[in-house]
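Chain naming here is simple, since letters A, B, ... match the order of the sequence lines and numbering starts at 1 in each. Note: hydrogens, waters and symmetry copies are ignored here, and every other heavy atom, side chains too, is used.
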Amino acid sequence: MDYNFREIEKKWQQQWRQNKVYAVRNDSERPKYYVLDMFPYPSGAGLHVGHPLGYISSDIYSRYKRLKGFNVLHPMGFDAFGLPAEQYAIDHGIHPAVSTEANINTFRRQLDNIGFSFDWDRELRTCDPKYYKWTQWIFLQLFDSWFNRETQQSGRIDSLVKIFEKEGNNAHAFPNTKYQLPSGQNKFSSQDWSLFDERTKQEVLMQYRVAYLAYTDVNWCEALGTVLANDEVINGVSYRGGFPVVKKKMRQWSLRITEYAERLLKGLEEIDFSESMKEIQRNWIGRSFGAEIRFDVRTPHPWPLSKGEGSENSDSRSKLTDPGYFASTLEQGKGTIDFSKENRKKSTEAEDKLWQELRNRKSEDFKFRRQYPIAGYIPDFVCVEKKLIIEIDGGYHEESEQKKFDHDRTKWLNEHGYRMLRFSNDEILNDLPAVLQKISKSLSQSVSPSPSEKGPVGELFLNVFTTRPDTIFGVDFMVVAPEHEIVKEITSAEQQPAIEEYLQYVQSRSEVERMAEVKKITGCFTGAHAVNPFSGREIPIWISEYVLAGYGTGAIMGVPCGDERDHKFAKHFGIPITNIIGEHYNGEEANPTKDAILQNSDFLNGLLMRDAIEVATKKIEEAGIGKQQINYKMRDAGWSRQRYWGEPFPIVYQDDIPYAMDEKDLPLELPPMEAFKSSGTGEGPLANAKDWVYINEHERRDTNTMPTHAGAAWYFLRFMDPHNDTAFADKTALDYWGQVDVYIGGAEHAVAHLLYARLWIKVLHDLGYLNFDEPFKKLINQGKITGDSRFVYRIRKTNQFVSAGLKDQYEVDALHVDVNIVDGLKLDTEAFRKWKPDFADAEFILEKDPVSTSPAGGGGRAGDGIYICGSAIEKMSKSYFNVVNPDEVVEKYGADTFRMYEMFLGPLEASKPWDIKGIEGVHRFLRKFWRLFAHEEKGLVIKNEKATDAEWKALYKTLKKVEEDTERFSFNTAVSSFMIGVNELTDLKCHKKEVLEKLLVSLTPYAPHISEELWKLIGNQGSILDASYPLIEEKYLVESSKNYPVAVNGKTRTELTIALEATQQQVEELVLSNDVVKRWLEGKPPKKVIYVKGRMVNIVV
RNA sequence: GCCCAGAUGGCGGAAUUGGUAGACGCGUCAGACUCAAAAUCUGGUUUUCGCAAGAAAGUGCAGGUUCGAUUCCUGUUCUGGGCACCA
């Protein structure tokens, strides 16, 4: 009766499937337990031995919990939408649905091979309309929600509308502080609200929705034809494929995850994730606590812009200058201003008529200015907010002097985003409505947003965010991001050419370059100065690429004595450095300490910096020049992808205003398509499905789809009730299963999937669908299994291969060789010749086997040598030929061996190399285990005799250790314990049923097939999967004495068996009379005898 | 540069609260069985010295605390992971 694992495993897998032993019910008396694996993406490559590591550990834990009496939910499904399938479709013309289906089947077959206990009746796929109906439905909940900062909770949009109707947005400012209403304001009253038209109302609400549409800087990848999320971009290139990525402004769906930053951060405290995983999330959220401080700006030639239409001030000047034709001298500037005044008097009838109309447009919130200087030129009318210029032909444009400037000016205006409308006098006088309509149309077109940081008109200031307000007196300069709007407004005439040049340089710099050359110091002085709000000192304002427009306010205060980067900047550009920390600053290097006593700091003098932070912040708030502020590095999550193979947005645009689709019309299914190339205009392939996109003249659909994170953000809820078609899951099921108790997966999902899932669950919780707001109670990251690559060394330009030990004598190229034709390091040269046609005629330079040195040893036949390969630990990858397929391992050793071996390799969380050699040991263990029950020839050897104390002790020792180890996911040591236990029972020649039966149950989670087989062989009814875990009888583990190590001065010298209840005195007597101890004492009296009960004895001399 | 984790025999690793370092497995050496091989079984296997008994050193490196440190503290090197002009 041999251990025929192939037959046994096949048989039980079949029976288990037939009997549906893994079906899980939602109504059980037993306590629930939810064990989940991270959603796999079914790639075309199939599984390698690294993938099942997590699945095996979760399976062991699930089966263990089941034996322990829990109702265990352990489901599996597929994250089946996504880029690779679509890329494959583009390359091979196979529909993503088809290739995905094929990949899933391969995956499923491979998983089944390993004997997992998944409840396949609950399987789900994100690309199934029955599933993504609910992904879309949840998206609509996000669309219909806003985050109430006061309560720190999500609420329904209609609750926000009620607030607006009552009090405007006074208590709930726009989440995006830079957002302004068309009027330029960011506050509105209840009355304003009631006067807003539908478009404006929707636009305002959009500013609050959790899922919202906005122009955002996105990571655009031309090669993939899509937008990528921040976490899909690595060092400026795409995560998949490594294509360049650039910033681009596009109208995109985003999730307002930034509003939840604080809750996501706080939530980390109550969940059991590894410290490193929490750290990654904390870094990603990037909270920094500090103050926002306002610095007034003094331009070198002040131009106090007065309210109204242009300026009456004689010293006013153009706020923007053009180096090409105007800016270099002030004289010309003055000339233009004079000319504008002159021109004003000559205004024509047409101009006046249009002006009357335009100035009345104030109610529409676009303010027109008349004869307002732009770039040193005075257009007839300009709307600065919308960057729209209106010119009326006739008059001085005819003059030849003017004409030659037209070209340069138009160029400048275009570069700066201005558009120009030209009307003739006749048009205005004869058909004013048509003219106004044209203007309205132009105004409704959007311009690149983000109006500059401007205070009340006539005043310019810069807000900076700092975590160190205590260093306010050490500020020696300001640095503004090159993209900052204010740059245009503050640049002096003298500096204009230099600034232009620098801006051009910045634009030419790709993300990749900027990231590669971090240490390079660049920058340019604007000519303007900022005023320190406390000391009144004027400090220069610079621009530099090291300041990021997207972070904080896009401007910083430079404190060179305390910040390394600021210090380098100051040194590089020769800016004088103020020392506020005395001897802590050595003049050579900045010192970011918080432990210095402040000097040169006015009211902060004598304070410890650490304490001064709060003092300074208070003072700043009192003086009304700033406020305490918390900043987050995290950005809102881009949620649109220009892709076909994803969930369509359940949104309909009615005349460009987005509205939620009716719930009853869900799912919005993908239209059938044959080709998936992007449209080329930045729109996704769906734009080509015109019938689907355009519902009617006024209504159209979104042509983007959601990212793969969408389906994965809530799938764990669907497993609880996977076939429900009236709700995403029934409330009773949600309440019964609750949080995922253990979530096992790779660390690569740290910031994307895990944050989005946590966000979705928080919103669903706030809206009342869930009674928990963290999805995963405990997270375990399994380590990677790395590949162990093998190399052969080809002598350059030959087909000769030299063994690793001799390769240094030649000029060689190392080539990866398939690990499957190498035994250890020894290459199978014949297999190598057959491996690839190129190598058919390969010749080998062999060496003596360095391992077996004896002449009789393995490679010892006279004249023979072997080919030794080089090796390296690398990631497991097809291109390295180091991939090991689990199917082959299972075929050779069986699933039970494979499962136990993967666990035996090392701690679950550590990454470790795959080495097939060790699997023999685990396989031998299972054979040895089998032999306790059955003998090859004699058949069953199991006996019904009473067990001895020694046998019970061996058993319970093992059970105790295995249980402890399994509980703490230390599966490698649990396998060791089984081995030790089986070795001991073998030594005891124990074949007793009452002992072995218990051991068998405890082995079931690890090796279910052999356990079930033996369970039946020794005459049990029912499945061992439903047995209960054996209880440990401690009485057999109680010891009466212990073999103590006896040390002299800390060095163990001998061992003594002493009764456990021995007293200190008894021990001292016993130990000191020992011969070995006496010898080591050399007659000297012991100073002290340390006796730790159950541990050790130490004699100090 | 910053943050986190880690470093133990020839290899994967164990030592759960500071208490016999190297469990278990691989590899390897020797032996048994065999005509022989495979499989299986038994024993040795951290290093150095020694026939042995035994002795000395030893958990990346340098210190410290302690009767006693792989474990705690300080510094440092290297490896892996994360973040990266983040103010």
Taking atom C1' in both B:G22 and B:G27, compute the distance separating them and give it to the nearest angstrom.
16 Å
With C1' as the reference atom in both, quote the distance from B:U65 to B:U16 in angstrom, rounded to an integer. 24 Å
Distance test, side-chain N/O of A:Trp284 to OP1/OP2 of B:A84, below 4.0 Å: no
Is the ring pair A:Phe5/A:His923 parallel, tilted or perpendicular, if the boundaries are 30 and 60 degrees?
perpendicular
A:Glu545 has its side chain closest, among B:C86, B:C85, B:C3, to B:C85
C1'-based separation of B:G58 from B:U46 [nearest Å]: 8 Å
Which part of the nucleic acid, if any, lies within contact of A:Ile980, taking any heavy atom under 4.0 Å across all strands shown: a base, the sugar-phosphate backbone alone, or nothing?
sugar-phosphate
Taking B:G82, B:G68, B:U16 as options, the one with an atom nearest any side-chain atom of A:Ile280 is B:G82
inquiry  = Categorize A:Glu920 for me: base, sugar-phosphate, or nothing, with a 4.0 angstrom heavy-atom threshold over every strand shown.
reply    = nothing
Pairing string of RNA chain B (Watson-Crick or G-U wobble, both atom distances under 3.5 Å; | = paired to other strand) is (((((((..(((......[....)))((((((.......))))))((((....))))..(((((..]....))))))))))))....
inquiry  = Within the 4.0 Å heavy-atom criterion, would you say A:Trp1080 contacts the bases, only the backbone, or no part of the nucleic acid?
reply    = sugar-phosphate
query: On a whole-Å scale, what distance lies between the P atoms belonging to B:C51 and B:U66?
result: 42 Å
In whole angstroms, the gap separating C1' of B:C2 from CD of A:Glu279 amounts to 11 Å
Are OP1 or OP2 of B:G25 and a side-chain N or O of A:Asn983 less than 4.0 angstrom apart?
yes
In whole angstroms, the gap separating P of B:C24 from CE of A:Met900 amounts to 16 Å
**Q.** Sugar-phosphate only, base, or nothing, as touched by A:Lys961 at under 4.0 Å among non-hydrogen atoms
**A.** base
Any A:Tyr546 side-chain heavy atom under 4.5 Å of A:Phe569 side chain: yes
Ranking B:C26, B:G19, B:U16 by distance to the side chain of A:Lys917, first place goes to B:C26
note: A:Arg468, atom CZ; B:C86, atom P; distance rounded to Å ~ 15 Å
Separation of B:C83 atom P from A:Ile285 atom CD1, nearest Å, is 14 Å
From the candidates B:A56, B:G19, B:U20, the one with an atom nearest any side-chain atom of A:Arg1053 is B:A56
With the side chain defined as heavy atoms from C-beta on, A:Asn1098 is closest, among B:A87, B:C67, B:C24, to B:C67
(message) Taking donor-acceptor contacts at under 3.5 Å, does the side chain of A:Asn283 reach the base of B:C83?
(response) no
Under 3.5 Å, side-chain donor or acceptor atoms of residues 1041-1053 of chain A against the rest of the protein: list the pairs with distances, not counting sequence neighbours.
unit_1    : atom_1 : unit_2    : atom_2 : d
A:Asn1043 : OD1    : A:Thr1057 : OG1    : 3.1
A:Asn1043 : ND2    : A:Glu1055 : OE1    : 3.0
A:Tyr1044 : OH     : A:Gly1094 : N      : 2.7
A:Asn1049 : OD1    : A:Val1101 : N      : 3.0

Applying salt bridge (Lys or Arg N to Asp or Glu O under 4.0 Å) to A:Arg927 and not counting sequence neighbours gives A:Asp2
Ranking A:Val975 and A:Lys1088 by the position along RNA chain B of their nearest nucleotide, the one closer to 5' is A:Val975
Requested in this report: Give a yes/no answer on whether the side chain of A:Asn972 brings an N or O atom under 4.0 Å of OP1 or OP2 in B:A14.
Outcome: yes
task: Go through the steps for A:Tyr893 and A:Phe898 under the test ring-ring contact (aromatic ring centres under 6.0 Å, His included), then give the verdict.
output: CA-CA 7 Å; A:Tyr893 298 101; A:Phe898 178 68; 9.7 Å; no
Between B:G60 and B:A55, how many Å separate the two P atoms, rounded to a whole number? 25 Å
Kindly indicate whether the side chain of A:Val1100, heavy atoms from C-beta on, has any atom under 4.5 Å from the side chain of A:Pro1086. no
Here the distance between atom P of B:G13 and atom CE of A:Met903, to the nearest Å, is 14 Å
Over 60° means perpendicular and under 30° means parallel, so classify the ring planes of A:Phe929 and A:Phe925, tilted if in between.
tilted
Whether each nucleotide of nucleotides 39-45 of chain B has a protein heavy atom under 4.0 Å at its base (B), only at its sugar-phosphate (S) or at neither (-) is summarised, 5' to 3', as -SS----
Closest to the side chain of A:Pro907, out of B:A14, B:G27, B:C86, is B:A14
So do the side chains of A:Leu264 and A:Ile257 get within less than 4.5 Å of each other, counting heavy atoms only?
yes
Checklist entry - Using the P atom in both, what is the distance from B:G44 to B:G54, to the nearest Å? => result 15 Å
From CG of A:Asn1049 across to C1' of B:A69 the rounded distance in Å is 16 Å
### A:Asn972 side chain vs A:Leu905 backbone, donor-acceptor pair below 3.5 Å
no
- What integer number of Å spans the C1' atoms of B:A14 and B:G63? 28 Å
By side chain to side chain contact (heavy atoms under 4.5 Å, CB included), A:Ala954 pairs with (sequence neighbours left out) A:Glu984, A:Leu985, A:Leu988
In whole angstroms, the gap separating P of B:C86 from CG of A:Leu548 amounts to 8 Å
message = Distance check, P atoms only: B:A62 and B:G9, in whole angstrom units.
response = 15 Å
- prompt: Which part of the nucleic acid, if any, lies within reach of A:Glu564 when heavy atoms closer than 4.0 Å are counted: base, sugar-phosphate only, or nothing?
  reply: nothing
Next on the checklist: Donor-acceptor check, side chain of A:Gln629 to backbone of A:Thr466, threshold 3.5 angstrom: yes or no?
Outcome noted: no
**Request:** Show the numbers, then the answer: is there a side-chain contact (heavy atoms from CB on, under 4.5 Å) between A:Ile56 and A:Met900?
**Result:** CA-CA 9 Å; A:Ile56 293 171; A:Met900 289 196 91; over 6 Å; no
B:C2 OP1/OP2 closer than 4.0 Å to side-chain N/O of A:Arg565:
no
Item checked: Sugar-phosphate only, base, or nothing, as touched by A:Lys1087 at under 4.0 Å among non-hydrogen atoms -> nothing
Relative to its sugar, using the 90° cut-off around 0, the base of B:G81 is anti
Item checked: Flag if over 12 foreign heavy atoms under 6.0 Å of CD, A:Glu614 -> no
Give me, pair by pair, the N or O atoms of the protein and of nucleotides 5-12 of chain B that are less than 3.5 Å apart, along with how far apart they are.
unit_1 : atom_1 : unit_2   : atom_2 : d
B:G12  : O2'    : A:Leu905 : O      : 2.4

Side-chain contact check for A:Thr1052: nearest option of B:A55, B:U20, B:C85 is B:U20
Check your understanding: Do A:Met557 and A:Ile293 come close enough that some side-chain heavy atom pair is under 4.5 Å?
Key -> yes
Given the options A:Trp914, A:Tyr1006, A:Phe971, A:Tyr901 meets ring pair (Phe, Tyr, Trp, His ring centres under 6.0 Å) only with A:Trp914
From the candidates B:A87, B:C3, B:U17, the one with an atom nearest any side-chain atom of A:Arg1095 is B:U17
A:Ile1058 atom CD1 is separated from B:G19 atom P, nearest whole Å, by 18 Å
